[in-house]
Amino acid sequence: MEPEVALVTAGVEYDVLGLGYYDLTDEQRAEVTALHPRPGFKQAILRAFTEGIAPKPETTFGNVKADVLERYVPGFRRGNFVDTILDSPWPE
């Protein structure tokens, strides 16, 4: 992966998922959040994910976006890889 892509990926993983959270000290995290506060971040990003993918739920097959729709969109039913194979029109 290109260095810029790796850096952005690491930033998203840290900021959104908390991966590497304990790699920084409490003081370092406090310094970062003083400059970049996170009021309501978790709910805001989940709302943004939901609003962005709800109109095209078919794009969630086989990825973590299905988790978002399953939690926030009533009646959403995630696709299932096994069902897709078994329901394939191909004969045995």
Side-chain angles (χ1 to χ4, degrees):
M1 152 178 340
E2 295 292 323
E4 297 86 357
V5 174
L7 181 61
V8 170
T9 299
V12 169
E13 289 174 345
Y14 181 77
D15 196 33
V16 178
L17 305 177
L19 301 181
Y21 180 83
Y22 295 105
D23 292 346
L24 298 179
T25 66
D26 292 343
E27 293 77 22
Q28 289 169 319
R29 287 192 302 273
E31 189 176 335
V32 169
T33 55
L35 293 171
H36 306 282
R38 300 172 50 92
F41 177 80
K42 291 178 182 180
Q43 292 303 315
I45 196 160
L46 288 169
R47 186 172 41 258
F49 285 156
T50 303
E51 290 170 359
I53 58 183
K56 48 187 186 243
E58 68 283 355
T59 65
T60 66
F61 181 77
N63 64 56
V64 299
K65 293 183 284 185
D67 296 340
V68 175
L69 293 189
E70 188 174 64
R71 174 72 60 98
Y72 295 105
V73 176
F76 172 77
R77 184 172 180 269
R78 69 173 55 238
N80 181 289
F81 183 66
V82 174
D83 290 339
T84 300
I85 292 172
L86 294 175
D87 294 341
S88 167
W90 287 100
E92 289 294 317

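All of these numbers come straight from a predicted model, not from anything done at the bench. Residue numbers start at 1 and run along the sequence shown.
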- Message: Within this structure, what is the CZ-CG distance for the pair Arg29 and Asp23, rounded to the nearest 0.5 Å?
- Response: 9.5 Å
- Message: Donor-acceptor check, side chain of Lys56 to backbone of Gly52, threshold 3.5 angstrom: yes or no?
- Response: yes
- Query: Side chains of Tyr72 and Arg47: donor-acceptor distance under 3.5 Å anywhere?
  - Reply: no
- Item | Closest approach of Arg77 to Asp83 (non-hydrogen atoms, all atoms of both residues) | NH2-OD2, 4.0 Å
- Val82 versus Asn80, closest heavy-atom pair with distance: N-OD1, 2.8 Å
- hydrophobic_cluster_shared for Tyr21 and Val12, side chain cutoff 4.5 Å: no
- So, does Arg71 use its side chain to make a donor-acceptor pair with the main chain of Leu46 at under 3.5 Å? no
- Item | Under 3.5 Å: donor-acceptor pair, side chain of Arg78, backbone of Phe61 | no
- Message: Is it the case that the side chain of Glu51 and the backbone of Ala48 share a donor-acceptor pair, with hydrogens and angles ignored and the cut-off at 3.5 Å?
- Response: no
- Please indicate whether Glu70 has more than 12 foreign heavy atoms, meaning atoms of other residues, nucleotides or ligands, lying under 6.0 Å from its CD. yes
- Message: Taking Leu17 as the starting point, is it possible to reach Phe41 by hopping between hydrophobic residues whose side chains are less than 4.5 Å apart?
- Response: yes
- Note on the structure: The reported gap from CD in Glu31 to CG in Leu35 (rounded to nearest 0.5 angstrom) is 6.5 Å
- Message: Check whether Thr33 reaches the backbone of His36 with its side chain - one donor and one acceptor, N or O, closer than 3.5 Å.
- Response: no
- Residue pair Val16, Lys42: steps toward the side-chain contact (heavy atoms from CB on, under 4.5 Å) verdict: CA-CA 8 Å; Val16 178; Lys42 291 178 182 180; over 6 Å; no
- Can you get from Val32 to Val8 by hopping between Ile, Leu, Val, Met, Phe, Trp and Tyr side chains that sit under 4.5 Å apart? no
- Task: Give a yes or no on this: more than 12 heavy atoms of other residues, nucleotides or ligands lie within 6.0 Å of atom CD of Glu58.
- Result: yes
- Query: If you round to the nearest 0.5 Å, how far is OG1 of Thr60 from CD1 of Ile53?
  - Reply: 6.5 Å
- Query: Closest heavy-atom contact between Phe76 and Ala66?
  - Reply: CE2-O, 3.7 Å
- Item | Option among Thr9, Leu19, Leu24 that satisfies the side chain to side chain contact (heavy atoms under 4.5 Å, CB included) test with Tyr14 | Leu24
